[in-house]
Amino acid sequence: MRTDFCEQLGIEFPIFAFTHCRDVAAAVSNAGGLGVLGAVGFTAGQLEVELAWLDEHVNGIYGVDLVIPSKYEGKGVEGLSPEQLEKQLAQMVPQGHRDFAAKLLDDHGVPPLPDGEHHNELLGWTATTAAPQVEVILRHPKAKLVANALGTPPADVVAKIQESGRVIGALCGSVKHALAHKEAGLDFVVCQGTEGGGHCGEISSLVLWPQVVEAIGDMPLLAAGGIGNGAQVAAALAMGAQGAWTGSLWLTVEEANVPPAQRDTYLSASSHDTVRSRSWTGKPCRMLRNDWTDAWEAEGTPDPLPMPLQMMVALDGVKRGHRYPEAAKDVNFNPVGQVVGMMDRVERSADVVNRLVEEYVTACDRLAKLNS
């Protein structure tokens, strides 16, 4: 099961776990895979705390995931601080969108945030606001892998990461995107089919993975989208992938900081319950369908804004939903892939890694018997 990319990174299993929870990232890395902490939503100071904790609790290495879209409102604005850019973008958000979102939350009985718990609206999501996060990553030697979730990262970011001895890659949902990553000199691609949770394209994993493998040649590809067991890991490696990039699986593990009410929503959902929607981030993103996603699609309601403006509208809903998950169960942000239908129990993260390995071996044995 050990691939060339495993050898390059010095990890035991080609299992990569994207998560917003440091405990999950540490558990996966310590179990032989590689935990990847999502940085979006953290200030530079908060990210420093998270990575310092990972440095102390991870025996080997871990990764960090950034969100610097290739296209977004405000791209190309030079000389502004993150605070100035946020203020400028906030002026582009129609008040009607904010009112619509607030009414939707109020109508579902989701309380407002208490005084003192309000937040900055942009923590990542643009090159300017992600730049301080990059500087934090460079101060932590165990953070050996960096991935960008939306498009090819800026050339200066690529250079800084690679010059520090780290590897940097990016997600793709098409051959075109993968070739752009290769042309930019990235070290790997994460190829995600439409089944995957979060931002995704329209092509299924089974069709997309081999197309991208053929297009990028010997550049390492990590397969994402629809991987929920070890047989699917085996299928990805059989098609030329160097590893499996997983995300949804880690939303229901014991260590995840997902509120119990939200976790129960995932555990009870089927694979039919997801939808690609622009209603939270402004770009097509797979999540559980609920009253929030339906409301933004209804006739006569506001159209979602481009990234990052829609996130500036929706972020109050994210924060209120996390603080009051019971009240927000019908309007919460639940990004997850179609494998949610396979997520029917709570496991420890290390046990998930071990299960994926055991199921991989079983699948390979089954093929070996067929071949014999």
Side-chain angles (χ1 to χ4, degrees), residues 1-19 24-37 54-55 57-65 137-138 140-148 153 158-172 178 181-182 184-192 205 209-210 212-225 227 229-247 249-250 349-350 352-365 367-368:
M1 195 179 187
R2 195 176 177 95
T3 65
D4 290 343
F5 199 51
C6 286
E7 296 287 351
Q8 181 182 345
L9 294 172
I11 61 175
E12 185 175 1
F13 304 126
I15 296 170
F16 298 77
F18 168 78
T19 174
V24 176
V28 172
S29 284
N30 290 337
L34 191 127
V36 182
L37 182 71
L54 284 169
D55 287 343
H57 291 84
V58 170
N59 297 327
I61 65 170
Y62 59 88
V64 182
D65 180 272
I137 293 168
L138 293 173
H140 293 270
K142 289 187 177 182
K144 287 295 188 181
L145 177 144
V146 178
N148 189 50
V158 176
K160 284 182 178 180
I161 297 298
Q162 291 179 333
E163 288 169 3
S164 71
R166 295 165 171 83
V167 295
I168 182 168
L171 274 73
C172 72
H181 297 339
K182 184 172 184 177
L186 302 191
D187 300 296
F188 65 94
V189 298
V190 178
C191 181
Q192 174 157 287
S205 295
W209 295 341
V212 174
V213 167
E214 182 178 358
I216 64 176
D218 59 359
M219 185 181 188
L221 177 145
L222 304 180
I227 297 178
N229 63 32
Q232 290 162 322
V233 175
L237 298 188
M239 283 185 276
Q242 287 280 308
W245 183 277
T246 56
L249 288 180
W250 313 103
S349 297
V352 175
V353 174
N354 293 332
R355 174 172 60 80
L356 291 175
V357 174
E358 291 170 0
E359 292 167 344
Y360 166 88
V361 172
T362 299
C364 290
D365 287 345
L367 284 175

By side-chain hydrogen bond (donor to acceptor under 3.5 Å, both in side chains) - contacts of E214 (at least two apart):
none
With sequence neighbours left out, the residues meeting side-chain hydrogen bond (donor to acceptor under 3.5 Å, both in side chains) with K144 are none
With rounding to the nearest 0.5 angstrom, report the [atom1] to [atom2] distance, [X] to [Y].
| X | Y | atom1 | atom2 | value |
| --- | --- | --- | --- | --- |
| T362 | L367 | OG1 | CG | 11.5 Å |
| L356 | L249 | CG | CG | 6.5 Å |
| R166 | L9 | CZ | CG | 13.0 Å |
| N229 | Y360 | CG | OH | 13.5 Å |
| L237 | Q242 | CG | CD | 8.0 Å |
| W209 | Q192 | CH2 | CD | 10.0 Å |

Just so I know, are the side chains of [X] and [Y] near enough to count as touching, which here means a heavy-atom distance under 4.5 Å?
| X | Y | answer |
| --- | --- | --- |
| L145 | F188 | yes |
| L37 | V24 | no |
| V28 | V352 | no |
| D187 | Q162 | yes |
| H181 | N148 | no |
| V233 | M1 | yes |
| H140 | L54 | no |
| F18 | W245 | yes |

Identify the two heavy atoms, one from V158 and one from A184, that lie closest to each other, and give their separation to 0.1 Å.
CG1-O, 4.3 Å
Using atom types as modelled and distance alone, determine if a side-chain donor or acceptor of [X] lies under 3.5 Å from a backbone N or O of [Y].
| X | Y | result |
| --- | --- | --- |
| T3 | G243 | no |
| S164 | I161 | yes |
| S205 | A224 | yes |

With sequence neighbours excluded, give me every salt bridge (charged side-chain N to carboxylate O under 4.0 Å, His left out) pair touching residues 7-18.
R2-E7
